[in-house]
Amino acid sequence: MGETICTTCPYCGVGCGIKASLEGERSVRITGDPAHPANMGRLCSKGTHLAETVGLEGRLLQPMIGDEAVGWDTALDDVAARMRDTIKRYGPDAVAFYVSGQLLTEDYYVANKLLKGFVGTANIDTNSRLCMASAVAAHQRAFGEDIVPCSYADLDEADLILLVGSNTAWCHPVIWQRIEKARDENGTKLVVIDPRRTETAELADLHIPVTPDGDVALFNALLAAMAERGALDDAFLEQHCDVPSGFFDALEAGSHGIAPDVFARLAELIAGSPRMVTLFSQGANQSVCGTDKGNAIINLHLATGRINRPGAGPFSMTGQPNAMGGREVGGLASTLACHLGFSEAERAAVSEFWQAPGLCESPGLKAVDLFRAVHSGDIKFVWIMATNPAVSMPDAAFVRDALVKCPNVVVSDMIADTDTAKLAHVRLPAMGWGEKDGTVTNSERVISRQRAIFPPAGEARADWRIICDVARRLGHDEAFAFSGSADIFREYAAMTQLSADHGKLLDLTAWAECSDAAYAEMAPFQWGGRHPCAAGFPTPDGKAALVPVREPQPASRSSRYPLTLNTGRYRDQWHTMTRTGLSAKLSSHRREPKLEVSPADAAANGLTHGGFASVISAHGTSCYRVQVNEGQTDGQLFVPMHFTDANSGAGRTGKLIHPQTDPHSGQPGFKNVPVTIEAVQPEWRAFLLTRERAVPQVLYWASSRIETGWLTELAGFDTISLDELLPQGPRSEVNDMVRGMQRIAVFNDAGEPAALLYLTRTGVLPDRDWIVRQFANPQASIGELLAGRPATPTPDTGPTVCVCHDVGEATIVAAIDEGAEDVDAIGRVTCAGTNCGSCRPILSRLLEHQQSRLKEAAE
Ligand code: SF4
């Protein structure tokens with residue numbers, strides 16, 4: 001085994017440390033880093049299977065202008081010429097960057113410096129706008145700075161943890177493991193406040209099924225209840241808070257949808273738990289009232305003194321690995337740099353530090369408005385880095401239209417053919433995880449190094465270098481003459497002196513003079529300490545503000561769209577699946593975009609479990625496989641955010657989402673969209689196994705990775721064109737009249753199956769898992785494959801639950817039947833849940849269901 005390198009996971013905002021041991025040219029063994037404070041050796045399924053996603057498949061390996069591969073000089077000259085020409089003809093505000101929480105802090109720093117300092121526009125925004133901009137705005141209103149006032153260690157010491165709008169077990173799994181440990185060892189109570197009964201909610205001590213966007217009403221009511229019970233911390237309020245007059249009298253009872261007895265239980269828990277952490281995430285932030293939700297949560301913590309001490313604090317979890325680093329350097333259009341704003345004094349300080357007389361004057365356009373300006377033609381040059389807005393933005397069809405109309409679209413990405421890259425005039429190959437070198441900041445302000453493991457793929461370059469090369473071509477040689485990422489980090493660290501000068505807490509000046517060697521060896525460190533506001537809040541009087549917030553007015557609903565759509569993540573996938581979708585293991589958990597719907601709504605709309613349905617909003621229509629789910633509240637639907645045109649026919653969710661945003665943060669409301677549903681009754685259904693990914697032209701398709709190719713689910717109305725669908729080659733075909741099924745095998749030159757198709761109009765399709773395994777087996781019997789089942793039936797292990805050890809549901813249920821009494825016992829018998837632990841919530845649920853079934857059977 002080769003060198004072992006300590007680096008950081010590229011996915012979520014937990015920011016887990018990784019040990020990467022090189023095993024071959026592009027082969028690496030991944031384990032959790034026991035010395036990293038974020039995870040102490042733990043990893044979730046996405047981190048554990050990272051090694052499966054570092055190949056060259058799908059990579060953009062050369063700069064491209066249109067469809068022509070060009071050299072770097074030609075591409076960079078072209079990008080600089082487009083920028084220069086746009087600025088000259090239309091002014092700096094006709095230029096925009098749309099960047100990403102996947103960039104490293106050093107990339108972010110130079111992108112921000114170029115646009116705000118030297119082009120002279122603040123039209124740089126990041127996809128973090130879609131993720132936690134509301135938490136940023138709430139922090140600024142309450143604390144005077146975008147600062148997370150607590151740390152992961154507070155979860156270990158809390159008596160009570162409230163999760164608001166967070167399916168932590170799926171979306172921040174290592175934090176979930178930490179919460180589970182605190183519950184096991186300290187008896188910490190867990191409350192989940194979420195309209196959905198998620199996997200996390202199922203395991204909580206109390207689930208509060210708040211109405212969509214009812215959080216402000218709920219937290220105001222909780223604050224009023226604490227005031228009534230005398231549970232406010234008057235001394236803390238007096239010494240550390242600015243309280244607007246009449247604040248507590250003005251708290252309104254609103255409609256949060258919680259039954260009085262459940263509300264009373266929650267209030268009792270809070271009043272009796274002086275050490276309380278409220279962890280809030282995208283379910284709170286992705287709302288047209290997300291900032292008010294953040295402040296309603298913070299108000300409760302301030303008023304009860306549950307902040308600035310062990311086991312307490314309002315804790316915003318970021319979605320992406322470096323959303324926080326972007327916030328720090330100023331990657332949002334609404335901040336200038338280093339937590340500074342646009343006041344005259346702050347602008348003067350930044351202008352002098354950068355030696356940038358042409359510094360921008362005011363905040364730029366936030367993501368939704370930025371793409372509106374692209375659409376209207378006000379922005380004529382947009383450079384998109386490491387993100388896929390054609391899928392992920394709300395009203396994504398409008399965003400695509402905007403990019404089609406824009407005369408200059410530049411995309412820097414590691415993937416060649418994302419939905420966004422297909423619309424670019426210039427594509428620049430960026431290094432991916434495992435090639436890049438720099439720093440990231442996680443949700444608790446810990447800065448960690450991301451280190452290169454492999455050489456760059458093809459001609460890929462670091463994002464910071466690409467940006468600096470364009471800046472130099474625009475005439476800004478001196479300001480962008482960085483020798484490497486360490487050089488950029490030193491300048492950024494030195495610049496944080498400005499934030500300290502303006503009363504902010506962000507201060508990295510200890511690193512301003514660090515050597516390249518010290519940067520290379522940097523161990524993870526937390527800026528601001530565990531409770532950065534303990535010595536006073538970063539406001540002129542050192543006090544935090546209680547911000548009066550009101551329940552939002554209910555939006556008027558058209559009777560055409562009577563249902564509410566909520567969106568979110570799958571456990572084993574990340575964003576638009578350009579990387580996690582390459583792992584067969586990660587793809588086995590959920591292979592299709594599923595519409596989760598309550599039994600009553602399914603019945604009322606003629607939907608059946610496993611059938612298909614269209615979801616229709618005022619902005620678009622998408623088609624999903626139906627999953628009837630008793631955890632869904634009537635009137636509310638759930639769909640995943642991950643699917644794109646590259647991996648599905650009609651499963652894109654972004655195009656359904658309205659473009660309404662929070663007035664303070666500009667964050668769109670992904671969680672509460674008016675929609676309707678219609679059953680779709682296809683003429684035929686099928687699944688197809690191929691060695692290369694298929695992109696069929698049919699009503700519904702969704703493809704997912706398997707060990708030796710791709711599995712594509714299909715459904716359609718029209719006659720299926722087998723010649724278009726199947727690769728060339730000799731075929732064997734069985735028409736099974738009894739089962740109403742057609743089964744076709746196509747062979748390659750060596751006589752091995754190159755594709756398998758199973759199609760039916762009326763019948764039941766065979767077990768995919770067995771056929772997928774046979775497709776990877778060179779000894780597989782063609783007769784059995786054409787039969788769709790083994791000649792001698794083998795035990796059905798059921799759908800995969802544990803992707804690390806490939807353990808199916810039936811195996812787990814059998815272990816419970818044979819006496820496994822808890823999740824650890826299931827692990828000892830089957831290995832399930834003993835590696836990354838991401839499936840432990842499902843194991844708990846299976847255990848509970850199966851044990852109650854066994855009990856009923858015994859009675
Ligand atoms: Fe990566 Fe999982 Fe850790 Fe998030 S929780 S940083 S996805 S290993």
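Just follow the structure's listing: the first ligand is 1, and inside any ligand the first atom is 1.
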- Item | Side-chain ion pair, E57 and R705, N-O less than 4.0 Å | yes

- Item | Short N-O contact, D572 and K46, less than 4.0 angstrom | no

- Minimum-distance pair of heavy atoms, taken over all atoms of E435 and A452: O-CB, 3.4 Å

- Query: Which protein atoms of type N, O or S are found under 2.8 Å from atom 3 (Fe) of ligand 1?
  - Reply: C16 SG

- Item | Pairs touching residues 314-331 that satisfy salt bridge (charged side-chain N to carboxylate O under 4.0 Å, His left out), sequence neighbours left out | D146-R327

- For the pair D154 and R530, find out whether any cationic side-chain nitrogen is under 4.0 Å from an anionic carboxylate oxygen. yes

- Thinking salt bridges, do R451 and D437 make one under a 4.0 Å N-O criterion? no

